[in-house]
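Encoded as structure tokens, the structure appears first; notes follow it.
Keep in mind that what you see is a predicted model, and the values were worked out from it rather than measured. Only this structure's heavy atoms are used, side chains among them; waters, hydrogens and symmetry mates stay out.
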Amino acid sequence: MSATTFPFKENAYTLYSNALCPYAQRAIRAFNLAKVPYVVEEIDLKSKPDWYHLVNPQLKVPALRTPDGTILIESLVIAEFVADQFPESGLLSTSATERAQLRLFIELFSTRISPFTYKVMTSAEVEDQEKAAESLLAGIRAANDELLRQWERPSGKGGPFWYGNKFGFAEIATVSFVGLFVGLKHYRGFEVPETKEYEAFNRWKTAFSQHPGFTDVKPEDATLIEAYKKFIPASKN
């Protein structure tokens, strides 16, 4: 394969992905839940193919080539494209208000949960790990409260998923990052407390952890633990 061409399947959706990447898992879950056929071109993140810059100059996954040759990058962009391209999937509400409420929940994960998940893992100093864990727990409490508010809305239908009994776009966008908690528990002893202030979050986590939308994409725990070993520096304290 020369560096002037790249692999794709004609007249099909080609997803450039990596099974261990939580961002790429968003795109895979969107296609799976929308029941749209696609092919995967697995990208080795340690040794990216020399043609991959032709797909995504940023060299990140996921990326998507659509049947008409359009290239899309960024996980949420791709997931939302799938939802909008296939509205019969019902992945996204047609209500502007409901979509705005959903985006706020996703933004909460992007700003208050995901960054501190990685910081707990990557901090060498115990003090820094503990501060990051406190910030992560604060973010989880905020997610807990947002779930409670959503479940009181008509679209929430009392849970246990964002849209009642349906594993949907909220889960597509967020559950990969909760899946990383297996690494936090193994390397840092971090667990979400089983107390009232986390009750809704734990209910949601229990529900999605048993759903095929999560389990069919999630790598084995042992595989994740081994993969995230590289992010764990030795503690200095």
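- If you take CD1 on I71 and OG1 on T66, they are separated by 7.5 Å, rounding to the nearest 0.5 Å.
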Practice prompt. Please lay out, stage by stage, how Y13 and V39 fare under the test side chain to side chain contact (heavy atoms under 4.5 Å, CB included).
Written response: CA-CA 6 Å; Y13 290 97; V39 296; over 6 Å; no
List the atom pairs, donor and acceptor, that lie under 3.5 Å between side-chain atoms in residues 114-121 and the rest of the protein, sequence neighbours left out.
unit_1	atom_1	unit_2	atom_2	d
S114	OG	F109	O	3.2
T117	OG1	I113	O	2.9

Counting only pairs under 3.5 Å, give me each side-chain donor-acceptor contact of residues 216-228, with atom names and distances, residues two or more places apart or in other chains.
unit_1	atom_1	unit_2	atom_2	d
K218	NZ	D221	OD1	2.4
E226	OE1	K229	NZ	3.3
Y228	OH	L20	O	3.4

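- Under the 3.5 Å distance criterion, the side-chain polar atoms of D128 are left unmatched by any main-chain donor or acceptor of S123.
- A search for side chain to side chain contact (heavy atoms under 4.5 Å, CB included) contacts involving T97 returns S95, Q101, not counting sequence neighbours.
- A search for side chain to side chain contact (heavy atoms under 4.5 Å, CB included) contacts involving A83 returns L91, L92, F169, not counting sequence neighbours.
- Looking at R103 and E80, a side-chain N of the basic residue comes within less than 4.0 Å of a carboxylate O on the acidic one, giving a salt bridge.
- Between E74 and K60 there is a salt bridge, since a side-chain N of the basic residue sits under 4.0 Å from a carboxylate O of the acidic one.
- Looking at residues two or more places apart in sequence or on another chain, you find a side chain to side chain contact (heavy atoms under 4.5 Å, CB included) between E199 and K196.
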Below 3.5 Å, can you tabulate the donor-acceptor pairs from side chains in residues 152-165 to any protein atom, sequence neighbours excluded?
unit_1	atom_1	unit_2	atom_2	d
R153	NH1	Q150	OE1	2.8
R153	NH2	E146	OE2	3.4
S155	OG	Q150	NE2	3.0

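- For the pair R26 and S75, the tightest heavy-atom approach, listed with the atom from each and the gap, is NH1-OG, 2.9 Å.
- Taking the salt bridge (charged side-chain N to carboxylate O under 4.0 Å, His left out) definition, one finds that E191 meets it with K185, sequence neighbours left out.
- You'll find the ring centres of F214 and F167 outside the 6.0 Å limit.
- Between R29 and S176, the side chains place a donor N or O and an acceptor N or O closer than 3.5 Å (distance only, hydrogens not considered).
- Here K131 pairs with E127 under the salt bridge (charged side-chain N to carboxylate O under 4.0 Å, His left out) rule; sequence neighbours left out.
- Considering all non-hydrogen atoms of both residues, A63 and I73 come closest at CB-CG2, 4.1 Å.
- By the 4.5 Å heavy-atom criterion applied to side chains, W204 and V178 are counted as neighbours.
- The minimum heavy-atom distance linking A138 with R112 is given by the pair O-NH2, 3.6 Å.
- Side-chain contact check for N144 versus E197: every heavy-atom pair is 4.5 Å or farther apart.
- Of all heavy-atom pairs spanning V61 and Y23, the tightest one is O-CB, 4.3 Å.
- Under the 3.5 Å distance criterion, the side-chain polar atoms of E171 are matched with a main-chain donor or acceptor of G168.
- One hydrophobic cluster holds both L45 and Y16 under the rule that ILVMFWY side chains link at heavy-atom gaps under 4.5 Å.
- Applying the side chain to side chain contact (heavy atoms under 4.5 Å, CB included) test to N11 and every residue at least two apart in sequence or in another chain returns nothing.
- Checked against salt bridge (charged side-chain N to carboxylate O under 4.0 Å, His left out), D84 has the following partners two or more places apart in sequence or in another chain: R99.
- Side-chain atoms of R65 and T14 form no donor-acceptor pair, as typed in the model, at a separation below 3.5 Å.
- To the nearest 0.5 Å, atom CZ of residue F231 and atom CG of residue L180 are 9.0 Å apart.
- When the ring pair (Phe, Tyr, Trp, His ring centres under 6.0 Å) test is applied to Y198, no partner is found at least two apart in sequence or on another chain.
- Taking OG from S17 and CD from Q25, the interatomic distance works out to 8.0 Å, rounded to the nearest 0.5 Å.
- By the ring pair (Phe, Tyr, Trp, His ring centres under 6.0 Å) test, Y52 is found to be paired with no residue, residues two or more places apart in sequence or in another chain being considered.
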